[in-house]
Amino acid sequence: MRHVIALDVGGTGMKAALVGDDGTLLHRARRATGRERGPDAVLAGILDFAAELRDHGVERYGEPAGAAGIAVPGIVDEHTGTAVYAANLGWRDVPLRALLAERLGMPVALGHDVRTGGLAEGRIGAGRGADRFLFVPLGTGIAGAIGIDGRVESGAHGFAGEIGHIVVRPGGAPCPCGQRGCLERYASAAAVSEAWAAACGDPDADAADCARAVASGHPDAVRVWQAAVDALADGLLTALTLLDPRTLIIGGGLAEAGEVLFRPLREAVRRRVTFQRPPAIVPAALGDTAGCLGAGLLAQALLTAPSTTPEVRT
């Protein structure tokens, strides 16, 4: 049975799958990334994991995968197949596509984790059928994927979609990127967790705890949550003005709060728009499988157009 290998590498864990021609997940596996062992060990672990997936395909389906796709965090150059920089993995200029292709003996596509997840959401998830969409996962940080006619735009230098570094509070909290007042310092799951822990006096409290407190009407939680929603709406307004998406897909940990997030967010965006046409604001549909499914789509594209990866415009 023809299939491809899909790998989604995160800071703490790796998700993988063998994906059939029809998009069916034939086999799933997970493994710790092991970043505490250092960048070389992480790389070796990825190569070993991918080789095991190839071997499983041969054993189970009688043939090796036709191609592999891998999604990684940080700065990614899809054109050269290089993981340029990933702070949480300790990588700099890793020729990951070439290393995987050599180990596996098959063509490999490399993608940025958020753009790859956005590709899946746009093709087979919440953005299916939308000619223009913006995918924004709200996790430890905030990034974005700009979808155009079934592709995801990477930009001239691989930085397109970094909505988390739009300045929404000039002169505000310092951001690791070097600016002050970036969106992700106010509206990410990590930012909400930090603000709620300080407000409630429990250092172990997180964004999910804050969402539950909001649902129960806790005034301090409502204040913390609304501040994050307002910052997010300010950042999204800039993105909507520049990109004019038809659908805005919100994912990540904060989106798991459901209408506790989406009801005030839709209202906050509605209050801010003037001439802009507000998009449909919807929750992501694929959850934490989006990156893996997107990596599978990248790999499948290699089988139909070996010389290009048309899903990503470089």
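One finds the CD1 atom of Ile142 at 6.0 Å from the CG atom of Leu232 (value rounded to the nearest 0.5 Å). To the nearest 0.5 Å, atom CG of residue Leu25 and atom OG1 of residue Thr289 are 7.0 Å apart. In this structure, CH2 in Trp91 is found 10.5 Å from CG in Asp40, a value given to the nearest 0.5 Å. In this structure, CD1 in Ile250 is found 9.0 Å from CZ in Phe135, a value given to the nearest 0.5 Å. Atom CD1 of Ile148 sits about 8.0 Å away from atom CG of Leu243, to the nearest 0.5 Å.
Considering only heavy atoms from C-beta on, Leu298 stays 4.5 Å or farther from Val4 through its side chain. Contact annotation: the side chain of Asp230 never approaches that of Tyr186 to less than 4.5 Å [non-hydrogen atoms, C-beta and beyond]. A heavy-atom distance below 4.5 Å is not found between the side chains of Val19 and Leu26. In this structure, the side chains of Val94 and Leu99 come closer than 4.5 Å at one or more pairs of heavy atoms. Within the 4.5 Å cutoff, no side-chain heavy atoms of Ile249 are placed close to those of Val136. Looking at heavy atoms from C-beta onward, Glu78 lies out of side-chain contact with Arg97 at the 4.5 angstrom threshold. A 4.5 Å side-chain heavy-atom check between Arg180 and Pro170 finds every atom pair outside the cut-off. Phe275 has its side chain within reach of Thr241: a pair of non-hydrogen atoms, C-beta onward, lies under 4.5 Å apart.
Counted within 6.0 Å of CD on Glu102, heavy atoms from surrounding residues, nucleotides or ligands total 12 or fewer; the atom is thus considered open. Atom CZ of Arg271 is surrounded by more than 12 heavy atoms from other residues, nucleotides or ligands within 6.0 Å. By the 6.0 Å contact criterion, CD on Glu59 is open, its count of non-hydrogen atoms from other residues, nucleotides or ligands being 12 or less. The environment of Arg272 atom CZ is dense: over 12 non-hydrogen atoms of other residues, nucleotides or ligands sit within 6.0 angstrom.
Contact record, Ala299 with Ala68: CB-C, 3.5 Å, taken as the closest heavy-atom pair. Scanning both residues, His165 and Cys177, for their nearest heavy atoms gives ND1-SG, 3.4 Å. Phe49 approaches Leu7 most closely through the heavy-atom pair CD2-CD2, 3.6 Å. Shortest non-hydrogen contact noted between Cys292 and Asp8 is N-CB, 3.7 Å. Contact record, Ala126 with Pro283: CB-O, 3.4 Å, taken as the closest heavy-atom pair.
Using a 4.0 Å cut-off between a side-chain N of Lys or Arg and a carboxylate O of Asp or Glu, Arg246 and Asp131 qualify as a salt bridge. Residues Arg30 and Asp288 are paired through a salt bridge, judged by an N-O separation under 4.0 Å between the basic side chain and the carboxylate.
When atom types are taken as modelled, the side chain of Ser193 and the backbone of Asp206 share no donor-acceptor pair closer than 3.5 angstrom. In this structure, Thr116 contributes its side chain and Gly294 its backbone to no donor-acceptor pair below 3.5 Å.
Scanning for ring pair (Phe, Tyr, Trp, His ring centres under 6.0 Å) contacts around Trp225 gives an empty result, with sequence neighbours left out.
Note on ring orientation: taking the six-membered ring where Trp is involved, the planes of His3 and Tyr61 are tilted (angle from 30° to 60°).
Taking hydrophobic clusters as Ile, Leu, Val, Met, Phe, Trp and Tyr residues chained together by side-chain heavy-atom distances below 4.5 Å, Val168 shares a cluster with Leu261.
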